[in-house]
There are 2 protein chains.
Amino acid sequence: MLNHSKIDSILRALVEPTRRQILERLSRGPATVSQLAEPFGMTFAAVLQHLQTLEACGLIRSEKIGRVRTCRIEPGGLAPLADWITERRIPAERHLDRLGQILAEPDQSPPKVQDQEKDEQT
Amino acid sequence: MLNHSKIDSILRALVEPTRRQILERLSRGPATVSQLAEPFGMTFAAVLQHLQTLEACGLIRSEKIGRVRTCRIEPGGLAPLADWITERRIPAERHLDRLGQILAEPDQSPPKVQDQEKDEQT
DNA sequence: GGAATGGTTAAGCATGGACTTGAGTATTGA
DNA sequence: TCAATACTCAAGTCCATGCTTAACCATTCC
């Protein structure tokens with residue numbers, strides 16, 4: 001679908017359970033590629049691909065010294081997703097307030113469910 | 001695999017751009033299935049499947065009156081994901097703080113965690 | 001009652017992505 | 001210098017999921 005936004009790449013990275021586990025592990029401190037690969041019942045190469053995905057979207061960072069690559073969490077990596085969520089929670093809660101208002105209204109004919117289309121963005 | 005947690009289902013729902021667009025649309029107010037299907041260049045059935053996915057993980061809610069099904073945002077739907085993110089951001093930031101402390105320390109042998117923490121990195 | 005409207009389900013195709021295999025490169029240590 | 005270590009890359013397999021088609025309810029309107 002060609003949605004190459006930051007949010008899109010972060011969500012695609014997080015949707016895979018293995019990658020979330022790698023993030024958990026790294027949030028407890030840096031680790032090398034082989035240290036990360038060890039606990040998972042999968043090949044080195046597979047884990048490496050996950051790491052590349054995580055690094056490509058800015059969730060982790062890695063540095064190679066000699067023949068050892070050390071990975072660590074990129075602290076601000078989840079910020080874009082956190083922002084995306086708060087942006088979307090606020091309208092939702094405004095809508096809730098609206099509903100609350102309507103329900104709190106003393107007496108009046110309930111607004112017809114059929115025509116919702118009257119826009120309500122302020 | 002088999003990670004059927006709430007987080008997992010929410011992420012799987014959000015990773016699809018079409019479903020995120022549906023959420024955007026619904027955050028501006030409720031809509032029927034056909035109203036939701038209209039702007040997308042895809043079949044009714046496809047949109048319906050997306051709606052079922054969104055409802056299954058608690059991001060939207062729907063109600064059928066007569067032959068018309070009306071969908072709306074479930075206000076607290078994103079909360080589990082928001083929580084997940086804050087839980088993971090705090091350790092990451094603590095780690096940053098920790099690093100900051102160590103770097104700020106005048107002189108002393110670092111508390112040998114596993115060699116990880118002493119990599120200086122601004 | 002019968003047609004139109006709005007939605008629902010099931011089956012099947014097609015694509016993307018996770019994972020493997022296998023070969024290759026660079027670094028380290030004896 | 002040679003072998004072991006640590007990682008990298010490319011190609012291929014396989015399965016989950018998005019989308020379509022096609023048939024099928026249920027409700028509303030004439």
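Computed from a predicted model, the values in this text were never measured in an experiment. Convention: sequence-line order gives letters A, B, ...; per-chain numbering from 1.
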Rounded to whole angstrom units, what separation is found between the CG atom of A/D8 and the P atom of C/dG16?
14 Å
Measure CD/B/E16 against P/C/dT15 and give the value in whole Å, please.
16 Å
Proximity to the side chain of B/L48 - top-ranked nucleotide from D/dT8, C/dC19, C/dT8:
C/dT8
When rounded to the nearest 0.5 Å, the distance separating CD of A/Q52 from OG of A/S62 is 9.0 Å
So do the side chains of B/L51 and B/C71 get within less than 4.5 Å of each other, counting heavy atoms only?
yes
5'-most by nearest nucleotide on DNA chain C - A/T53 or A/G66:
A/T53
Hey, does the side chain of B/H50 come within less than 4.0 Å of D/dC19's phosphate (OP1/OP2), counting only N and O?
yes
B/F44 CZ to C/dA10 P, straight-line distance once rounded to whole Å:
17 Å
Nearest heavy atom decides the nucleotide; on that basis, is A/T43 or B/R69 closer to the 5' end of DNA chain C?
B/R69
Separation between CZ (A/R88) and CG (B/L14), nearest 0.5 Å, reads 10.0 Å
What integer distance in Å separates A/E38:CD from D/dA6:C1'?
14 Å
Would you say A/R12 reaches C/dG16's phosphate, i.e. side-chain N/O to OP1/OP2 under 4.0 Å?
no
What is the distance, to the nearest angstrom, from the NZ atom on A/K64 to the P atom on D/dA6?
12 Å
How close or far is atom P of C/dT21 from atom CE of A/M42, stated in whole angstroms?
13 Å
Verdict with supporting geometry, B/T32 and B/R69, side-chain contact (heavy atoms from CB on, under 4.5 Å)
CA-CA 6 Å; B/T32 68; B/R69 178 173 295 278; over 6 Å; no
Using a cut-off of strictly less than 4.0 Å, decide whether B/Q52 has a side-chain nitrogen or oxygen near OP1 or OP2 of C/dT9.
yes
Can you check the A/Q21 CD to C/dA18 P distance for me, whole Å?
14 Å
Output the rounded distance in Å from CG (A/L51) to P (C/dC19).
12 Å
Check whether the side chain of B/Q49 and the base of D/dT20 form a donor-acceptor pair under 3.5 Å.
yes
Closest approach to the side chain of B/S34, judged atom by atom: which nucleotide of C/dG7, D/dT21, C/dC19 is it?
C/dG7
Check every atom of C/dA10, C/dA18, C/dG7 against the side chain of A/R19 and return the nucleotide holding the closest atom.
C/dA18
How about CD on A/E38, more than 12 heavy atoms from neighbouring residues, nucleotides or ligands closer than 6.0 Å, or not?
no
Quick one: is A/R67 getting a side-chain N or O under 4.0 Å of the C/dG29 phosphate, OP1 or OP2?
no
